[in-house]
Amino acid sequence: MMPETIFPVRRRNFSLKRTLMMMLALGSTPIAGAHADDVGAARDVVARLLPDHARQISLELMTKGAGPEQFRVTGHEGAIHVSGTSDSALLFGVNWYLKHVAHATISPNEVTPPSAKLLPAPAQPMEGAATLPWRYALNENTDGYTSPYWNWPRWRHEIDVYAMNGLNTLLIERGTDAVLYRTFLRLGYTDQHIRSWLSAPAHINWQLMANMCCYGGPLPLDMIEKRAESARQIIDSLHALGMKPVLPGFYGMVPDDFGKRFPAAHVIRQGEWNRFTRPAWLDPRDPLFAKVASIYYDEQKKMFGNAPVYDIQPFQEGGSAGDVPIAEAGRGIQTALDAAHPGALWMMMAWYKEPDQAMLAGVDRSRLFIVDLEQNTRRRDDRARDFLGAPFLYGGLWDFGGRTSLGGPSYEYGVRLPELWKTQKTMIGTAIFPEGMDNNPYIFDLFTEAAWRTESIDLPAWTQDYADRRYGQPGDPHARKAWSLLLASAFSYQATGINDYGETSAAPDSLFNAQPSLDTRSAAWNGMKIIPYKPEILEQAMDELRQSSQEIRATPAWRYDMVDVTRQAVANRARALLPEIKDAFEAHDLKTLHALTTEWLDLMDRQDKLLSTNSSFLVGTWLKWPRSWSDDAATRALTDYDARVILTNWGGRTASQVGHLRDYANKDWAGLTRDYYMKRWTLFFDSLETSLKSGKPPSPIDWYAVGEDWCRNGKTYPDTPSSDTYAEATNIAAHLRDHPVSAQP
């Protein structure tokens, strides 16, 4: 009998150089001659994620040949054996078995373990291989919008989930503030000067791309040191699993006064980014550049060791090369990297006008690691031509700002991506690149699996299987119908390049979260302006999901999804209501205006109650992380403000209002909805009614001041859920049925 495979069988040599069978349980005894450390880290991942089933799974590390990473799954009931050529292949093999045999899910948004006490046997051996060697994760902005204050247990869980889903390369930005601190200390800067130049944790990653500086600090030195120690712990855990860290590299970012301290240096000012002053740039041709780069890499190496890839974004979303030839600048940057880390790869983003063709022409392109972020928006047929032969990774970018919007281009990831390697010969991997992680688990599951496929996925069939394993209860007609409807709505849009979509690879955000206006079409200024599907289909999905069996409704995954889908259905209603509110105001119809705005605020109130039922949708969950870093009142006030302002005003008044950064990271979270978003709309609607009564234009409102009040009021929020998801979702469903809309845009 031929083994079951995830793509057409290729003959493989599974001869073992060493036998390392061991049971996946704490205290289990490996067989004679095995070396526990070889798969110990992988065993621990499975034990943490599947504590009730780990003893039934054994791992065996095979010798990796010249071909791709491979896994093989065999066994009988209660004794599943997974072999693989790397920890990544082993863990993905375990996950493949869980998904397609045991009906279980390892997701960033809840883990659904197998429902059977004894793990079922695969009908026949299962084999798979990675299509491409690099399976990268994390946007440069993820550490601002998702994880700036996570502690070690929270980070470890995230790494466990990524490892189980076959990812093998992660960007680690945490700790780079310590590298910069030590670098410029060695160049004669004072402690206070450097700490004032560095930005706070939720904003520092934009400084690493030279978008801004000097915001939210200065951080206490012990906080910087704690972050460095945390980064070491994260990187050590990656190494233990055979995963590769990507670290920020040096490209010439220096403080603005660098030219005054070193008058002979050629330093170029970089202008503004969204009304933030950008740090200065040291010409890579300048003799001092090599010295500063050497110090930077020396300090980084002492703290974090070597990495195979370095993230270097010299002109991200702006900046200027001035009188420096861009090709020579690229050569200087690459020469400094090579001097410190011979053979290391240079990671670039393909984003807007980047990478610059002149820079590509000036460097060793075989040593580039380009993350292509445009395939989500506009399909590019020949990246070998576009990137002058440089290798690239297909980037999945379905979220900006960590917004809680539901949706993603499933066709691009499930149908196009698995076969793209056939025509894009310089493609070397995939890159999960949302600006905020831990949303849209369906797309995460699809994207990570696509990296182990060589043929297009049958999306309807795959989605039915997803519904079965998401809740561990195969065959439920309502769950299956719900996900079919979600595939036909929130996950249906494609990379068409329609200009009206704005940041088209992300789902539309909620108008409830927008700075109030009668004309707003998105909360984030450049967000998608239309709903790219029929909202009524998503409401049907909400109703079907709510009717799932009691066994399904008892799972954490269902509770998460029920909140997420219902929340999106409520948010979509705002797009139908706002034009009606505008019409009533312009018609001077006070009675209708009051009725419509009352309905708007009632929906926000209902949404906040729904969000309160799940810890993933609590602003208190977000705000608890900064508190864990210090007992000092001043430091806690600094980090609490940093965590709040990134969600709301984002930065200072000018950057927020003129630079349009406000609400870029808007989120449907309980507490934030009631005390910030709802307060703003209440003030706005009151001003409209007052205007109609007085006959005068609405009074202007200082929205930045409203945001600052929430950011600095110190109010604490619960980080544990309250009430019942099913009850709140049922109330909302009834309300939506009783308040139909004539049409939605």
Side-chain angles (χ1 to χ4, degrees), residues 1-22 24 30-31 33-43 45-46 57-75 80-97 100 122 124-136 162-169 238-245 306-309 343-345 366-367 369 391-394 418-422 424-430 448-455:
M1 180 180 294
M2 291 296 291
E4 180 182 351
T5 59
I6 59 178
F7 40 77
V9 177
R10 297 190 294 253
R11 293 188 179 275
R12 300 187 181 101
N13 179 7
F14 286 110
S15 62
L16 302 181
K17 183 178 181 180
R18 45 191 172 148
T19 302
L20 301 172
M21 176 89 66
M22 54 178 43
L24 281 174
I31 64 171
H35 301 285
D37 290 344
D38 288 333
V39 291
R43 176 192 61 198
V45 169
V46 181
I57 303 173
S58 60
L59 296 184
E60 182 179 19
L61 194 61
M62 303 185 302
T63 300
K64 185 182 184 304
E69 294 166 83
Q70 304 164 358
F71 68 79
R72 193 167 195 265
V73 183
T74 57
I80 307 304
H81 177 60
V82 182
S83 54
T85 56
S86 67
D87 281 353
S88 182
L90 276 173
L91 290 173
F92 189 78
V94 173
N95 196 19
W96 183 266
Y97 160 81
H100 299 292
Q124 51 193 343
M126 308 170 72
E127 293 180 355
T131 308
L132 298 165
W134 296 92
R135 298 174 303 280
Y136 168 94
Y162 292 173
M164 190 72 89
N165 281 277
L167 301 175
N168 63 6
T169 312
L238 297 183
H239 287 312
L241 286 166
M243 300 172 77
K244 308 172 188 69
N306 297 306
V309 184
L345 303 180
S366 69
R367 300 252 312 284
F369 189 87
F392 77 96
L393 295 82
Y394 179 104
E419 296 197 354
L420 205 59
W421 64 275
K422 297 177 182 179
Q424 302 273 8
K425 299 303 182 182
T426 55
M427 183 169 140
I428 60 169
T430 58
T448 52
E449 185 171 313
W452 295 76
R453 297 265 195 172
T454 59
E455 304 291 341

Determine the minimum heavy-atom distance between Ala163 and Leu241, stating which atoms define it. CB-CD1, 4.1 Å

Spacing of NE2 belonging to His100 relative to CE belonging to Met126, to within rounding of 0.5 Å: 7.0 Å

What is the ring orientation for Phe71 with Trp452, classed by angle as parallel under 30°, tilted 30 to 60°, or perpendicular over 60°? tilted

Side chain Lys64, main chain Gly67, donor-acceptor under 3.5 Å: yes

What one should report as the nearest heavy-atom pair of Thr85 and Pro68 is OG1-O, 4.4 Å

State the CG-CZ distance between Asp38 and Arg43, to the nearest 0.5 angstrom. 11.0 Å

With sequence neighbours left out, what residues match Glu69 under salt bridge (charged side-chain N to carboxylate O under 4.0 Å, His left out)? Arg135

So do Pro122 and Ile80 actually touch side chain to side chain, heavy atoms under 4.5 Å? yes

Over all atoms of both residues, closest heavy-atom pair of Phe92 and Glu449: CZ-CA, 4.2 Å

Quick one: closest heavy-atom pair of Ala240 and Ala41, and the distance? O-CB, 3.4 Å

Where Leu393 and Thr430 come nearest, the two heavy atoms and their spacing: CD2-O, 3.4 Å

Pairwise distance CG(Asp87) to CE(Met164) - rounded to 0.5 angstrom: 11.5 Å

Side chain proximity check, Leu59 to Val94, heavy atoms < 4.5 angstrom: yes

Return the minimal non-hydrogen interatomic distance between Pro418 and Ala450, and the atom names on each side. CG-CB, 4.0 Å

When rounded to the nearest 0.5 angstrom, what is the spacing between OG1 in Thr448 and CG in Leu167? 6.5 Å

Can you confirm whether Trp134 sits close enough to Val309 that some side-chain heavy atom of one is under 4.5 Å from a side-chain heavy atom of the other? yes

From Ile428 CD1 over to Leu345 CG, what is the distance, rounded to the nearest 0.5 angstrom? 7.0 Å

Validation row: Lys244, Asn168 side chains within 4.5 angstrom (heavy atoms): yes

Supply the atom-to-atom distance Leu420 CG to Thr454 OG1, rounded to the nearest 0.5 angstrom. 13.0 Å

Taking the side chain as C-beta and beyond, is there a heavy-atom pair between Pro125 and Arg72 under 4.5 Å? yes

